[in-house]
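To start, the structure under review is shown below, and the notes come after it.
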Amino acid sequence: MIEIDHVSQVFQTSARQDHLALSDISLTVADGAFVSILGPSGCGKSTLLYIVGGFVQPTSGAAKMKGQTIKGPGPDRGPVFQEFALFPWKSVLGNVMYGLRQQCMKYAEAEAQSRALIEMVGLKGFENFYPKELSGGMKQRVALARTLAYHPEVLLMDEPFGALDAHTRTRLQNDLLNIWERDRKTVLFVTHSVEEAVFLSDKVVMMTRSPGRIRQIVDIDLPRPRRRTELLLDPRYQQYVVAIERMFDDSGEDGLQP
Amino acid sequence: MMRRAAPFLACLGLLVIWQLASLALNSDSFPTALEAIRAIPTILGDKDSLVNFGASLRRMAIGFAVAVAVSMPLGLLMGRSRVVASFFNPLLMVVYPVPKAALMPIIMLWLGVGDLAKTLVIFLGVSLPVIYHSFEGAKAVEEKMLWSGAAMGLSAAQRMVRIVLPAALPEILTGCRTGLVLALITMITSEMIARQSGAGNILFNALDMGQYDTVFAMIIIVGAMGICLDALFERMRARLVRWSEPQFDIPLSFS
């Protein structure tokens, strides 16, 4: 379980002024839940994710994992970034094996597990390719496999499909759901796409901009396993999407798109 | 075929122009290309000059190796730590524009005219480009890449060696390549100022004695040495950072 307890984050702008990015955020994420943080760009949703990751220390308040205050990054929380952040000097296999080798797993065993994961994310045959030779969608598949490899309890996904074209994006959403529905890891998923949030999540945390506050938390009560083609025709799905979009419109925020 | 032959044809063309120009000018201090080339085997066959070349290369190798060993970690640290950068930056800004050979008189005063002084000049010449490029390379390393490493449990020191170093390697090797050429330049210059041994010593002694064919032959030899060292280094570099080479930049269309 992740508890975010009255977290605020203040940044110094280049003009040396304090900018309140996150204001008094409290949120609990249950084990095995798929929770999306949805909001306009600049609402601090990624910062919130980085705080849970331990990459950024909150100005006040604390994030806790299993009751322990998060003080830094650790293999129990695996990040997947929009920028992929693959190691370009390592092959696909080398990237996926990296975390396992860091945990001192024997080479042969790490290789076997990594090859299985690479196959699972649909990249069989590309094991020896370098990141530079891959398309954006393939890179993000590698990044996902690299993070899944060391078995984090929580996946922290920072607009992972934000840099991909619409077609690739849908394919990766489907694949992510398939993978997730198998082992039900806790996922914290940052996005600015309402459809993406509703399609994937159990819970959508809506945020407002400047300062970033939680506006509302919407439970998405849609059956699983979810199929995109079925869901798009499901009136309940459509109602969630429309209701959430309306709420953002009413708040006077200038939409969700960046 | 043509592409491989092109550099050799260019060299040949240069020699032809040289030959014709020297025949036209007909000056004692400008031997023909053929005369200069004929002097090369004599120099390379002479045991004394080989000892000199050996001494030159030894100093160059030591100066270059020590410079890389010191400057690369320093540059990487500067690139990742603001404190280290703000401490060393002013120092480097002062040292940067000074021609390292200009420091030779002072260095000679302190360290004499032997190996140590000359190696130190080479060290200084190589250090700056290596520091600069390591610094730039380390600074450009993506934060998220380091975060990914941190999440896998890499400590700060491990991230430095296992993420910053390889990620910055293409940039570092660019600096080393510049450093290698500078090593050759500072090597010859130092031997020119402190004439005691080395390739520069042969060259300038020949100049004093009016053996112009030897002077020009030495220029060819030193130039060829530079080209060979650079080509060797480039081969090694290309192999080490194959993953970052542009010819690999052909993304496959597959989501």
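Predicted model, so just to flag it, every value in this text is computed and none were measured. Here is how names work: the chains are called A, B, and so on, in the same order as the sequence lines, proteins then strands, and each is numbered from 1.
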Give the intermediate values and the outcome of side chain to side chain contact (heavy atoms under 4.5 Å, CB included) for residues B:L165 and A:W89.
-> CA-CA 11 Å; B:L165 175 63; A:W89 62 94; over 6 Å; no

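- Neither the backbone nor the side chain of A:L100 comes within contact range of chain B; no heavy atom of the residue lies under 4.5 Å from a heavy atom of that chain.
- B:W147 places none of its side-chain heavy atoms less than 4.5 Å from the side chain of A:P73.
- Among B:S148, B:A167, B:A151, B:P170, the residue with the largest count of heavy-atom pairs under 4.5 Å with chain A is B:A151.
- Heavy atoms of B:E143 lying under 4.5 Å from chain A are absent altogether.
- To the nearest 0.5 Å, atoms CG (B:L146) and CZ (A:F55) are separated by 10.5 Å.
- Residue B:E234 places its CD atom among more than 12 non-hydrogen atoms of other residues, nucleotides or ligands, all under 6.0 Å distant.
- Summarising the local packing, CZ of A:R184 is surrounded by more than 12 heavy atoms from other residues, nucleotides or ligands at distances under 6.0 Å.
- Rounding to the nearest 0.5 angstrom, the gap separating the NZ atom in B:K144 from the CD atom in A:E83 is 3.5 Å.
- Smallest separation of non-hydrogen atoms from A:Q102 and B:G153: NE2-O, 3.5 Å.
- Counting heavy-atom neighbours within 6.0 Å of A:Q17 CD, excluding the residue itself, gives a total of 12 or less.
- The structure places CD of B:E142 at 10.5 Å from CZ of A:F87, a figure rounded to the nearest 0.5 Å.
- With a threshold of 4.5 angstrom between heavy atoms, A:Y98 approaches chain B through its backbone and through its side chain.
- Between atom NZ of residue A:K90 and atom CZ of residue B:R162 there is a gap of 7.5 Å, rounded to the nearest 0.5 Å.
- For residues 145-154 of chain A, heavy-atom neighbours of chain B at less than 4.5 Å comprise A:R146, A:Y150, sorted by residue number.
- Ranked by heavy-atom pairs shorter than 4.5 Å toward chain B, the options A:P88, A:P131, A:P79 are led by A:P88.
- Only the side chain of A:D158 comes within contact range of chain B, judged by heavy atoms closer than 4.5 Å.
- If you measure heavy-atom distances from B:I163 to chain A, the contacts under 4.5 Å come from both the backbone and the side chain.
- With a 4.5 Å cut-off on non-hydrogen atoms, A:V121 does not touch chain B at all.
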